[in-house]
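These notes are about the structure you will find just below.
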Amino acid sequence: MDNKEIARVLDEIADLLEIKGVPYKPIAYKRAAETIKSLSQPVEDLTSKEIMKLPGVGESITKKIVELNETGHLPYFEELRKQCPIDFESLLAVEGIGPKTVKLLYQSLDIKDLDDLEEMAKHHQLRRIKGLSEKKEKNILENIKYARKTTRHLLGHMLPLANNIKEKLEGFKHVIQVEVAGSIRRRQETIGDIDILVVTDNPRQVMGYFVALDMVDRVIAKGISKSTVRLKADVNCDLRVMPEKSFGAALLYFTGSKEVNVEMRKMSIKRGLKLNEYGLFNGATMVAGQNEEEIFQELGIHYMEPELRQNVEDVEVAIQRELPLIIGYHDIRGDLHMHTDWSDGKSSLKDMVEAAQDWGHEYIAITDHIGSLQVPKGIDENKIRVQMKELDRLDREIENITILKGLEVNIKSDGKLEIKEDILKDLDVIVAGINSGYRQSKEQLTDRIISAMENQYVNIIAHPTGRKIHKRSAYELDVDKIFQTSVDTNTYLEVNSQPDRLDLRDVMIKNAIQTGCKLVINTDAHSIERVWDMELGIATARRGWAVKKDIINTSSHKELMKLLVK
DNA sequence: GCCGTTTTCGGCCCGACTGTTTTCAGTCG
């Protein structure tokens, strides 16, 4: 069983125990589920002893994980489920419904899923239950609609929207300070809602301004300290007003993650302090709160970059003061995977170069697709020579940026490259990727990538796992083998910055780096606007604990050219 | 069920908001 499935079982056990009213165990199962979810390797590959060492996993849960791995079944879980056969995930997705209400609904009306719930609500059965009411029934009916269509949104789509709202607030006279918090600040690859914090001298005015912004669809709640709106982009946005002296504590708290918050509060208690969204307190005295840095400092632990605030272990590493100095947003000096209208791109060569210059790149590689069945708009082999001359001309014409000549080539299903090799030796950068035949076996796909890496001209493996968020999962690969071959052959694995790819993803990046791999962060941009996706790739690398030296395109042009020789 | 710079037993994050609570439980973040 893979980690996701095991975590799901543990999660559901927690829900089931919660409903039965068992105290504390649900928290334990939830925590274990979180640990398994964030694991960078399959738990199947671990021994019992190793599993037991994982945070939040003890003897009892270890036994259950091993049993699941070995037999695919867990009688303990199946028994619990038989006692209450409820679709928790969908019911708990309804705003305002928690475990207690699920229990109440099940016991009084035998409600097991969203359809049951909607049926009963429509027929005004909920209001008859003691503890519920007409108002609650109406709320539930309204919220079912959102629960049904709630999907998480891509970071790449939400980040510009959040920044736009932030800018509008910054321009409003009563706003003193404003920051985007929540999962966007952690740069999580998908986002549930947008959280924004402000300091203001006039909360009422700010709230009025906020709910009237042109991107707002409707107002869900409007108060002096908190307002929630539904944006036209089909996502909720919360605005909270905080006192200036608490801004850092609030930012820390509203940035999360939840697990990190819980862990930091526990840690504060151990130090005789109390941490909440208003500050860090010693008795009644506030010892820190205006900014995040001073809170970490007072606690005597490493400052945690928002991208590193994922789980309990991150806090533990911060306590040990062993967090790495992760790559910065200005450390990247070039983009080695870009397309133009010579193939399937939308912008001209010159426009792409100028966009890259605007971003601040010192060098870029133009890597148009070779024409093939999959990429009918690709550049044909004769035209490559013409483009090469054009690139040389542009390189001379445009100052302060070096243009490298490259290509993106398809790795065929037999592992060979879809191009005659004699042309490759005249190019600076070869990006190879799988753009067809994802359905092969794990062995075949692994061998395909490995034989591409063994090709003397291939420098970069593009979007190595092929996943597309919300569309398709990563293909099955023997990643250990691929990471090792990457090290052995000086072939670099890409962190692709396209909003729905972000591939390699964070946990994989962490693993690759531990194996000794060097990576490259590329945009794979097909138009000038997408040159700015670089920020998303960097964010992903930061979440994967990458430092500057792990990423080849933090090098100068001169150093880079050495790295591109196999 | 897990865990240990108070602990192998006895705790387990915290505050705000909502609804219907007449003093608080449930939910959320």
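What's counted below: heavy atoms across the whole structure, side chains too, no hydrogens, waters or symmetry copies. By convention in this document, chain letters (A, B, ...) are assigned in the order of the sequence lines, proteins followed by strands, and residues within each chain are numbered from 1.
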Please tell me which of the listed nucleotides, dC2(B), dG19(B), dC14(B), lies nearest to the side chain of I269(A)?
-> dC14(B)

Look at all strands and tell whether P99(A) reaches a base, only sugar-phosphate, or nothing, counting heavy atoms closer than 4.0 Å.
-> sugar-phosphate

Using a 4.0 Å heavy-atom cut-off across all strands, classify D238(A) as base, sugar-phosphate, or nothing.
-> nothing

Measure from CG on L10(A) to P on dC2(B) and round the result to the nearest Å.
-> 10 Å

Salt-bridge contact D15(A)-K30(A) (side-chain N to carboxylate O under 4.0 Å) | yes

NA contact type, P55(A), heavy-atom cut-off 4.0 Å: base, sugar-phosphate, or nothing?
-> sugar-phosphate

Look at K138(A) together with E134(A) and state whether they make a salt bridge at an N to O cut-off of under 4.0 Å.
-> yes

Out of dG1(B), dG29(B), dT20(B), minimum distance to the side chain of K64(A) belongs to dG1(B)

What does S268(A) touch in the nucleic acid at a heavy-atom separation under 4.0 angstrom: a base, only the sugar-phosphate, or nothing?
-> nothing

Find the distance L104(A):CG to dT20(B):C1' and express it as a whole number of Å.
-> 15 Å

With respect to the side chain of V262(A), which nucleotide from dG29(B), dC13(B), dG26(B) is positioned closest?
-> dC13(B)

Would you indicate what Y278(A) reaches in the nucleic acid, counting non-hydrogen atoms under 4.0 angstrom: base, sugar-phosphate, or nothing?
-> sugar-phosphate

Look at all strands and tell whether K138(A) reaches a base, only sugar-phosphate, or nothing, counting heavy atoms closer than 4.0 Å.
-> nothing

If we take the C1' atom in both dT21(B) and dG26(B), what is their distance in whole Å?
-> 11 Å

State, with a plain yes or no, whether a side-chain heavy atom of L323(A) is found less than 4.5 Å away from one of M304(A).
-> yes

Could you check whether K226(A) gets within reach of a base, just the sugar-phosphate, or nothing at all, counting any heavy atom under 4.0 Å?
-> nothing

Using the P atom as the reference point in each nucleotide, state the distance between dG11(B) and dT6(B) in Å, no decimals.
-> 16 Å

Between CD1 of I51(A) and P of dC2(B) the distance, given in whole Å, is 12 Å

CD/Q310(A) to OG/S257(A) distance, rounded to the nearest 0.5 angstrom?
-> 7.5 Å

Residues 93-104 of chain A side chain polar contacts: donor-acceptor under 3.5 Å, at least two apart:
unit_1: K103(A); atom_1: NZ; unit_2: I19(A); atom_2: O; d: 3.2

For dT8(B), the nucleotide meeting Watson-Crick or G-U wobble distances (both under 3.5 Å) is none

Distance test, side-chain N/O of K274(A) to OP1/OP2 of dG15(B), below 4.0 Å = yes

Is N276(A) near enough to dG15(B) that one of its side-chain N or O atoms lies under 4.0 angstrom from OP1 or OP2?
-> yes

Have a look at L17(A) and say if it touches a base, only the backbone sugar-phosphate, or nothing, with a 4.0 Å heavy-atom cut-off.
-> nothing

Using 4.0 Å as the upper bound for N to carboxylate O, is an ion pair formed by R240(A) and E277(A)?
-> no

Interatomic distance at P, dT23(B) relative to dT8(B), whole Å = 40 Å

Given dG29(B), dC12(B), dG1(B), which nucleotide is nearest the side-chain atoms of S60(A)?
-> dG1(B)

When the distance from CE of M264(A) to C1' of dC13(B) is rounded to whole Å, what number comes out?
-> 12 Å

Result for 5'-nearest mapping on DNA chain B, choosing between T62(A) and G131(A), is T62(A)

When we call it a touch if two heavy atoms are under 4.0 Å apart, what does K100(A) touch: a base, just sugar-phosphate, or nothing?
-> sugar-phosphate

Start at the 5' end of DNA chain B and walk down; is the nucleotide closest to R265(A) or to L132(A) reached first?
-> R265(A)

The nucleotide from dG15(B), dC13(B), dC28(B) with an atom nearest the side chain of K266(A) is dC13(B)

Looking only at atom P, what distance separates dG15(B) and dG10(B), rounded to whole Å?
-> 26 Å

Would E142(A) and K145(A) pass as an ion pair if we require N to O under 4.0 Å?
-> yes

Give a yes or no on whether a salt bridge exists between E34(A) and K258(A), defined as a side-chain N under 4.0 angstrom from a carboxylate O.
-> no

Stacking here means centres under 5.5 Å and planes under 30°; does Y24(A) stack on dC2(B)?
-> no

Sugar-phosphate only, base, or nothing, as touched by E263(A) at under 4.0 Å among non-hydrogen atoms = nothing

Under 4.0 angstrom, heavy atoms only, what part of the nucleic acid is V102(A) near: base, sugar-phosphate, or nothing?
-> nothing

Among dC17(B), dG19(B), dG29(B), the one nearest any side-chain atom of S225(A) is dC17(B)

So what does K136(A) touch, heavy atoms closer than 4.0 Å: a base, only the sugar-phosphate, or nothing?
-> nothing

To the nearest Å, give me how far apart NZ (K270(A)) and P (dC14(B)) are.
-> 13 Å

Could you state the atom-to-atom distance from CD of E95(A) to P of dC28(B) in whole Å?
-> 6 Å

Tell me: CG of D195(A) to P of dG29(B), nearest whole Å?
-> 9 Å

Tell me what K135(A) touches on the nucleic acid: a base, only sugar-phosphate, or nothing, going by heavy atoms under 4.0 Å.
-> sugar-phosphate

Which value, in whole Å, describes the distance between the C1' atoms of nucleotides dC13(B) and dT20(B)?
-> 28 Å

CE of M242(A) versus P of dG29(B): gap in Å, rounded?
-> 17 Å

Describe the nucleic acid contact of V57(A) in one word from base, sugar-phosphate, nothing, applying a heavy-atom distance below 4.0 Å.
-> sugar-phosphate

